[in-house]
Amino acid sequence: RSSAASDVYKRQMFVERFDALMNIAELSNSQLGREISMNPSRIGRLRSGARPLPKHHEFLPGMCAYLAAHLPCGNDPVRNRTAGQNCPIP
């Protein structure tokens, strides 16, 4: 792949995965924005692919931690109530 094609591929992969995680966690752009101190419209542009990831993306660790804490843990309803509390994923 050329560098430009590789960049487009990486961007699309981020968009698809980020949107899927937001949907699975049932988080809105506003909820995530409040928690990581980011404008919800910027999150929406990242989520839709309208804005590429910046070269310096210092917000990603906080974003990832918050998303991970809100993802359901497997298919176990008891674990789902404790999502984000170090529950093991089966």
Side-chain angles (χ1 to χ4, degrees):
R1 284 192 177 135
S2 71
S3 179
S6 178
D7 289 346
V8 169
Y9 176 77
K10 288 177 189 176
R11 180 176 174 179
Q12 188 60 33
M13 289 301 296
F14 172 80
V15 167
E16 289 174 9
R17 291 175 182 181
F18 180 43
D19 186 54
L21 288 172
M22 291 284 288
N23 290 329
I24 292 167
E26 297 179 347
L27 289 173
S28 69
N29 299 346
S30 296
Q31 288 172 300
L32 181 60
R34 272 192 305 274
E35 294 300 321
I36 65 168
S37 301
M38 182 184 283
N39 187 309
S41 63
R42 183 175 181 202
I43 292 170
R45 288 190 297 272
L46 288 169
R47 192 173 176 180
S48 70
R51 163 96 24 120
L53 273 174
K55 289 185 190 255
H56 303 287
H57 33 272
E58 64 282 344
F59 60 87
L60 277 181
M63 180 185 285
C64 292
Y66 190 77
L67 278 168
H70 288 81
L71 290 172
C73 189
N75 295 320
D76 185 334
V78 173
R79 287 193 204 159
N80 285 341
R81 285 196 301 271
T82 62
Q85 299 176 11
N86 297 320
C87 62
I89 295 176

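Atoms considered below: every heavy atom in the structure, side chains included; atoms not considered: hydrogens, waters and symmetry mates. Along the sequence shown, the residues carry numbers beginning at 1.
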Can you pull out every ring pair (Phe, Tyr, Trp, His ring centres under 6.0 Å) where at least one residue sits in residues 20-43? Sequence neighbours excluded, please. none
Quick one: which residue pairs count as a ring pair (Phe, Tyr, Trp, His ring centres under 6.0 Å) with a foot in residues 13-41, not counting sequence neighbours? Phe14-Phe18
Among residues two or more places apart or on two chains, list those pairs meeting salt bridge (charged side-chain N to carboxylate O under 4.0 Å, His left out) that have a residue in residues 6-18. none
With sequence neighbours excluded, tell me which residues meet side chain to side chain donor-acceptor pair (under 3.5 Å) with Ser28. Gln31
Residues which pass side-chain contact (heavy atoms from CB on, under 4.5 Å) with Leu21, listed by chain and number, not counting sequence neighbours: Leu67, Leu71
Taking only residues two or more places apart in sequence, or in another chain, which ones meet Ala50 in a side-chain contact (heavy atoms from CB on, under 4.5 Å)? Arg45, Ser48
For residues 32-51, the ring pair (Phe, Tyr, Trp, His ring centres under 6.0 Å) pairs (sequence neighbours left out) are none
Distance check, rounded to the nearest 0.5 Å: Leu46 atom CG versus Phe59 atom CZ? 5.0 Å
Atom pair CE (Met63) and CD1 (Ile36), whose distance is rounded to the nearest 0.5 Å: 4.0 Å
Count I, L, V, M, F, W, Y as connected when their side-chain heavy atoms are under 4.5 Å apart, and connections chain through other members. Are Ile43 and Ile24 then in the same cluster? yes
Pair Asn29, Met22 - check side chain to side chain contact (heavy atoms under 4.5 Å, CB included), show working. CA-CA 8 Å; Asn29 299 346; Met22 291 284 288; 3.7 Å; yes
Listing request: all ring pair (Phe, Tyr, Trp, His ring centres under 6.0 Å) pairs with a residue in residues 34-55, at least two apart in sequence or in separate chains. none
Pairs flagged by salt bridge (charged side-chain N to carboxylate O under 4.0 Å, His left out) wherever residues 19-43 is involved - sequence neighbours left out: Asp19-Arg47
Flag yes if Leu53 and Val8 sit in one hydrophobic cluster, no otherwise; membership is Ile, Leu, Val, Met, Phe, Trp, Tyr, and two members link when side-chain heavy atoms are under 4.5 Å apart. no
